[in-house]
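Below is one structure; the comments refer to it alone.
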2 protein chains.
Amino acid sequence: MLRKEKDFSILPQVNHKGGEGTIYVKNFLELEEMHGAARCAGLSIIPPGCSIGEHAHIGDFEIYYMLEGKAVVKDDGVEKPFEPGDLLWCDDGHTHAIRNIGDTDVKYITIIFYTFDK
Amino acid sequence: MLRKEKDFSILPQVNHKGGEGTIYVKNFLELEEMHGAARCAGLSIIPPGCSIGEHAHIGDFEIYYMLEGKAVVKDDGVEKPFEPGDLLWCDDGHTHAIRNIGDTDVKYITIIFYTFDK
């Protein structure tokens with residue numbers, strides 16, 4: 001099935017994980033379409049001045065693949081620049097956070113997979 | 001863990017699924033890092049004139065999220081233009097194919113998730 005970006009459902013999240021402002025996820029697939037493998041797959045958009053607070057993943061793991069904008073992440077508590085082409089892998093049992101430090105939207109792919117081998 | 005694009009492992013695939021030429025997957029995660037949820041997560045690159053042939057997914061499902069270039073896909077046998085921002089979802093039991101019809105690389109995100117609910 002081919003789905004155009006205008007047809008993705010949009011999930012706004014306010015002060016997500018204790019972050020600033022409102023961020024958005026444009027969902028590639030809905031939860032019931034992911035056959036139990038994952039619980040989120042989409043394009044995340046963080047407007048200027050907004051962020052997702054630091055949080056842990058337990059029982060699942062997440063990847064961010066950076067497309068556009070200027071961001072910093074926390075990767076197990078350590079701040080790092082996050083640039084287009086970078087991957088942030090928050091493995092099961094680890095923590096992360098992300099913040100837009102530019103003046104344009106930060107856009108990245110986000111996938112949260114469930115963990116099946118522990 | 002933050003991983004730079006230069007550190008992604010690269011999988012070249014020749015005449016993949018009966019397609020033309022050589023395509024490349026820059027892996028975000030290695031198979032053993034995906035905890036049984038998925039078997040591929042990466043940035044796919046199809047050079048001009050190259051393609052992936054039509055094939056079915058059984059026991060898993062795949063998404064392509066288009067980033068750059070000019071492509072056509074087959075979606076259950078039907079040819080459709082595939083443009084930046086589009087998602088192609090090849091659900092379990094369905095078929096797809098992709099071909100670069102431009103003069104620059106086609107780049108898209110590819111994730112192959114396993115199916116757990118049937």
Side-chain angles (χ1 to χ4, degrees), chain A residues 1-8 26-30 32-39 41-43 57 59-68 72-76 78-94 96 107-118, chain B residues 1-8 26-30 32-39 41-43 57 59-68 72-76 78-94 96 107-118:
Chain A
M1 177 188 294
L2 199 147
R3 191 168 278 173
K4 306 297 282 186
E5 187 166 337
K6 69 178 176 52
D7 297 320
F8 298 165
K26 293 187 174 185
N27 294 301
F28 296 154
L29 298 177
E30 300 303 308
E32 63 275 15
E33 293 171 340
M34 289 186 275
H35 298 302
R39 63 180 176 87
L43 174 68
H57 282 266
D60 56 39
F61 62 103
E62 185 164 17
I63 56 173
Y64 292 169
Y65 178 69
M66 181 61 161
L67 297 176
E68 292 179 30
V72 290
V73 291
K74 273 195 186 173
D75 178 17
D76 283 326
V78 180
E79 281 215 348
K80 299 175 182 176
F82 191 50
E83 298 171 336
D86 289 353
L87 184 88
L88 184 70
W89 171 32
C90 184
D91 198 6
D92 195 335
H94 292 255
H96 66 166
K107 295 185 181 182
Y108 61 98
I109 305 298
T110 184
I111 314 278
I112 306 176
F113 306 85
Y114 288 114
T115 299
F116 291 92
D117 61 0
K118 64 178 181 180
Chain B
M1 178 188 294
L2 200 148
R3 192 168 277 173
K4 306 297 284 187
E5 187 166 339
K6 68 178 176 53
D7 297 320
F8 299 164
K26 294 187 173 185
N27 294 302
F28 296 155
L29 298 178
E30 301 303 307
E32 64 274 15
E33 294 172 338
M34 290 187 276
H35 298 304
R39 63 180 177 87
L43 174 68
H57 281 267
D60 56 38
F61 62 102
E62 184 163 18
I63 56 173
Y64 290 169
Y65 177 69
M66 179 62 160
L67 297 177
E68 291 180 31
V72 291
V73 291
K74 273 194 186 174
D75 178 18
D76 285 326
V78 180
E79 280 214 350
K80 299 175 181 176
F82 192 50
E83 297 169 338
D86 289 352
L87 184 88
L88 184 70
W89 172 32
C90 184
D91 199 6
D92 195 334
H94 292 255
H96 65 166
K107 297 185 180 182
Y108 61 98
I109 305 297
T110 184
I111 315 278
I112 306 176
F113 305 86
Y114 288 115
T115 299
F116 291 93
D117 61 358
K118 63 178 182 181

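The sequence lines fix the lettering, A, B, ..., with proteins before strands; numbering per chain opens at 1.
Residues forming a side chain to side chain donor-acceptor pair (under 3.5 Å) with B:Asn27 (at least two apart in sequence, or on another chain): B:Ser9. With sequence neighbours excluded, no residue satisfies side chain to side chain donor-acceptor pair (under 3.5 Å) with B:Asp7.
Taking chain A as the reference chain and counting heavy-atom pairs below 4.5 Å, the highest number among B:Gly36, B:Cys90, B:Gly85 is found for B:Gly85. Per-residue heavy-atom pair counts under 4.5 Å with chain B were compared for A:Ile63, A:Asp91, A:Ile111, A:Leu29, and the maximum is reached by A:Leu29. Options B:Asp75, B:Leu43, B:Leu67 differ in how many heavy-atom pairs under 4.5 Å they form with chain A, and the most are formed by B:Asp75. Here A:Ile109 is the residue among A:Asp76, A:Ile109, A:Val78 with the most heavy-atom pairs under 4.5 Å with chain B. Top candidate by heavy-atom pairs under 4.5 Å with chain B, chosen from A:Lys6, A:Glu83, A:Lys26, A:Glu33, is A:Glu33. Contact tally against chain B (heavy-atom pairs below 4.5 Å) for A:Phe8, A:Tyr64, A:Phe82: the top residue is A:Phe8. Taking chain B as the reference chain and counting heavy-atom pairs below 4.5 Å, the highest number among A:Glu5, A:Met1, A:Arg3 is found for A:Met1.
Both the backbone and the side chain of B:Leu88 have a heavy atom closer than 4.5 Å to some heavy atom of chain A. For a residue to count as touching a neighbouring chain, one of its non-hydrogen atoms must lie under 4.5 Å from one of that chain's; by this rule B:Val73 touches chain A with the side chain only. Looking at B:Leu2, both its backbone and its side chain come within 4.5 Å of chain A, counting heavy atoms on both sides. In this structure, chain B has a heavy atom under 4.5 Å from the side chain of A:Tyr65, while its backbone stays farther away.
Side-chain atoms of A:Phe28 and B:Trp89, non-hydrogen and from C-beta on, never get closer than 4.5 Å to each other. Two residues are said to be in side-chain contact when any heavy atoms from C-beta on lie closer than 4.5 Å; B:Phe116 and A:Phe116 meet this criterion.
A side-chain hydrogen bond (donor to acceptor under 3.5 Å, both in side chains) with B:His35 is found for exactly one of A:Asp117, A:Asp60, A:Asp92, A:Thr115, namely A:Asp117.
Remark: side-chain polar atoms of A:Asp86 are not paired, donor with acceptor, to backbone N or O of B:Lys4 under 3.5 angstrom.
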